[in-house]
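Reviewing the structure listed below.
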Amino acid sequence: ACRHSPFPAPRVGTLPAVTCDAAQKADDGTPMKMRFVLLEDGGRLIQMAAMSPEVFWSAALKKMSPMLESFELRELRGSK
């Protein structure tokens, strides 16, 4: 299952992004959650992802959020 993130205009650092939250079961039946974050810069598609067992999801997001907030590209190419 894939659904759009609950926040209306996600950003990675200062760049606009799109997100997708998904859930699936691991091979052993463990419920897993994941978040994909995508952004485009000058024809480059950059993807970041986090995945964890559902019981640890809030802790995983606490680690991912600061990484996304502080993300910077050394050289911006601009949107195409």
Side-chain angles (χ1 to χ4, degrees):
C2 189
R3 59 189 178 279
H4 189 274
S5 159
F7 44 96
R11 300 190 77 73
V12 174
T14 60
L15 303 167
V18 294
T19 65
C20 178
D21 289 351
Q24 72 179 40
K25 289 191 177 184
D27 291 342
D28 67 359
T30 302
M32 304 291 287
K33 291 193 83 169
M34 62 203 83
R35 176 167 291 167
F36 303 97
V37 180
L38 300 147
L39 62 97
E40 183 274 333
D41 179 62
R44 300 184 283 185
L45 181 62
I46 300 163
Q47 184 231 340
M48 292 157 269
M51 181 178 196
S52 79
E54 190 172 33
V55 296
F56 301 121
W57 185 240
S58 61
L61 287 181
K62 286 180 185 174
K63 296 284 186 183
M64 188 181 196
S65 293
M67 290 187 289
L68 295 176
E69 290 168 12
S70 65
F71 180 86
E72 299 181 18
L73 293 172
R74 289 185 179 182
E75 182 181 318
L76 290 173
R77 296 182 186 171
S79 294
K80 293 210 176 205

Supply the atom-to-atom distance R35 CZ to K33 NZ, rounded to the nearest 0.5 angstrom.
-> 8.0 Å
Residues in side-chain contact (heavy atoms from CB on, under 4.5 Å) with A26, at least two apart?
-> D28, T30, M32
For S65, what residues pass the side-chain contact (heavy atoms from CB on, under 4.5 Å) criterion, not counting sequence neighbours?
-> E69
If you link I, L, V, M, F, W and Y whenever their side-chain heavy atoms are under 4.5 Å apart, who else ends up in the same group as F56?
-> V55
Mind checking who shares a hydrophobic cluster with M64, ILVMFWY linked at side-chain heavy-atom distances under 4.5 Å?
-> V12, L15, V37, L39, I46, M48, M67, L68, F71, L73, L76
If you look at every heavy atom in G29 and K25, which pair is closest and at what distance?
-> O-CD, 3.8 Å
Residue pairs involving residues 42-61 (criterion salt bridge (charged side-chain N to carboxylate O under 4.0 Å, His left out); sequence neighbours excluded) = D41-R44
List for me each residue that meets side-chain contact (heavy atoms from CB on, under 4.5 Å) alongside M34, sequence neighbours excluded, and say none if there are none.
-> A22, Q24, F36, M51
Quick one: CD on Q47 to CG on L38, what's the gap to the nearest 0.5 Å?
-> 5.5 Å
